2 protein chains.
Amino acid sequence: MSILPDTASPDLAHPQEQELQLTQVLFALSDPGRLDIVRQLRDGPVEMANCNLMDPEVAKSTKSHLFKVLREAGVIRNIPKGRGRLLSLRRDALDRRFPGLLEAVLNAN
Amino acid sequence: MSILPDTASPDLAHPQEQELQLTQVLFALSDPGRLDIVRQLRDGPVEMANCNLMDPEVAKSTKSHLFKVLREAGVIRNIPKGRGRLLSLRRDALDRRFPGLLEAVLNAN
DNA sequence: AGGAGGGTTCGAAGTTTATCGAACCTTTCT
DNA sequence: AGAAAGGTTCGATAAACTTCGAACCCTCCT
């Protein structure tokens with residue numbers, strides 16, 4: 001457990017918990033490819049290199065963009081790890097701001 | 001209470017409950033203007049003519065389009081009433097398909 | 001019948017979002 | 001140091017979504 005606040009994620013900008021916007025979160029989750037990523041993070045952090053996209057043919061810049069949208073919405077955290085990146089769900093922030101939302105989305109279907 | 005199934009909404013096409021797609025629902029809800037409409041329907045049906053949009057300046061064709069996106073996603077029902085239309089949330093269908101989702105969205109903020 | 005109130009649909013134009021390749025940056029390995 | 005692995009960012013193009021006005025449809029009212 002870190003002592004640092006939720007937003008202390010080096011290198012890339014992460015919105016603060018209080019800045020999260022419901023519509024932006026919903027939009028981030030409204031793409032099947034991005035939703036799939038979120039499901040992969042359900043049980044814990046995953047290294048980006050090990051995160052398989054729905055469409056395995058996409059360019060790496062596109063892959064990066066998918067994570068960017070999720071990160072900027074506050075859905076995921078993206079921190080450096082080794083020469084790659086570690087992705088995780090911002091469950092804590094999401095559950096406080098939008099109680100029940102993430103659970104409902106993850107449990108759907 | 002109607003004996004007819006959920007989808008028997010005259011005139012305009014409504015998706016069947018089993019056809020609802022989570023990502024489509026999330027997208028429909030991801031626009032502030034559309035989300036606001038959903039909130040107005042929280043406590044019961046509203047006639048379209050009485051439904052005030054966030055931006056009161058929009059053309060009527062645009063207003064109609066907002067409802068169309070919500071209807072096609074299965075979020076709302078839109079049935080004829082007199083010379084106008086009656087709008088209502090498809091709570092039943094949404095709650096069965098995506099338990100907790102609507103509640104979480106409505107309670108947020 | 002004719003008109004007005006309320007909405008939908010269509011096509012065009014404007015605005016976002018997605019996707020890609022190229023260039024660049026960091027960390028690890030040799 | 002140099003090279004490779006793993007990602008981000010930028011600029012351009014393609015695809016999707018939004019918005020509007022015009023045309024059209026119904027229903028109620030006179």
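Basis for what follows: all heavy atoms, side chains included, without hydrogens, waters or symmetry-related copies. Proteins get letters first, then strands, A, B, ... in listed order; numbering begins at 1 in each. All values derive from a computational prediction rather than experimental measurement.
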Compare the minimum distances between each of D:dC20, C:dT8, C:dT28 and the side chain of A:Arg83, then state the nucleotide with the smallest one. C:dT28
Tell me the bend of the helix from C:dA1-D:dT30 to C:dT30-D:dA1 as the angle between end helix axes, each from five pairs, rounded to the nearest 10 degrees. 20°
Step-by-step side chain to side chain contact (heavy atoms under 4.5 Å, CB included) determination, B:Ile37 to B:Leu53: CA-CA 7 Å; B:Ile37 290 170; B:Leu53 299 188; 3.8 Å; yes
Starting from C1' on D:dT19, measure out to CZ on B:Phe67 and report it in whole angstrom. 16 Å
Donor-acceptor pair, side chain of A:Arg34 and main chain of A:Val69, under 3.5 angstrom: no
CD (B:Gln40) with more than 12 external heavy atoms under 6.0 Å: yes
Are any side-chain N or O atoms of A:Glu72 and backbone N or O atoms of A:Gln24, one a donor and one an acceptor, separated by less than 3.5 Å? no
Transitively linked via ILVMFWY side-chain contacts under 4.5 Å: A:Leu102 with B:Leu29? yes
Whole angstroms only, please: what is the CD-C1' distance between B:Glu47 and C:dG5? 13 Å
Output the single nucleotide from C:dG5, D:dT8, C:dC20 whose closest atom is nearest the side chain of A:Met48. D:dT8
State which of D:dC20, C:dT9, D:dT8 makes the closest approach to the side chain of A:Lys60. D:dT8
Give the rounded distance in Å between these two atoms: CG of B:Leu86 and C1' of D:dT27. 16 Å
Between A:Leu66 and A:Gly82, which is nearer to the 5' end of DNA chain C once each is assigned its nearest nucleotide? A:Leu66
Between D:dT9, D:dC20, D:dT18, which one does the side chain of B:Ala59 approach most closely? D:dC20
Using the side chain to side chain donor-acceptor pair (under 3.5 Å) rule, pick out the option among B:Arg85, B:Arg71, B:Lys68 that qualifies with B:Asn78. B:Arg85
Is there a side-chain polar atom (N or O) of B:Asn78 under 4.0 Å from OP1 or OP2 of C:dT8? yes
Any side-chain to backbone donor/acceptor pair from B:Arg77 onto B:Leu86? Under 3.5 Å, distance only. no
Is it the case that the base of C:dG7 and the side chain of B:Ser64 share a donor-acceptor contact (distance under 3.5 Å, atom types as modelled)? no
For the side chain of B:Ala49, starting at C-beta, report the closest nucleotide among C:dT8, D:dT8, C:dG6. C:dG6
Per B:Arg85 side chain, nearest of listed nucleotides D:dT27, C:dT8, C:dC20: C:dT8
Per B:Val69 side chain, nearest of listed nucleotides C:dC20, C:dA18, D:dT18: D:dT18
C:dG5, D:dC20, C:dA22: which one has an atom nearest the side-chain heavy atoms of A:Ser61? C:dA22
Relative to the 5' end of DNA chain C, which residue comes earlier, A:Lys81 or A:His65, by the nucleotide with the nearest heavy atom? A:His65
Just how far, in rounded Å, is C1' of C:dG5 from CG of B:Asn50? 13 Å
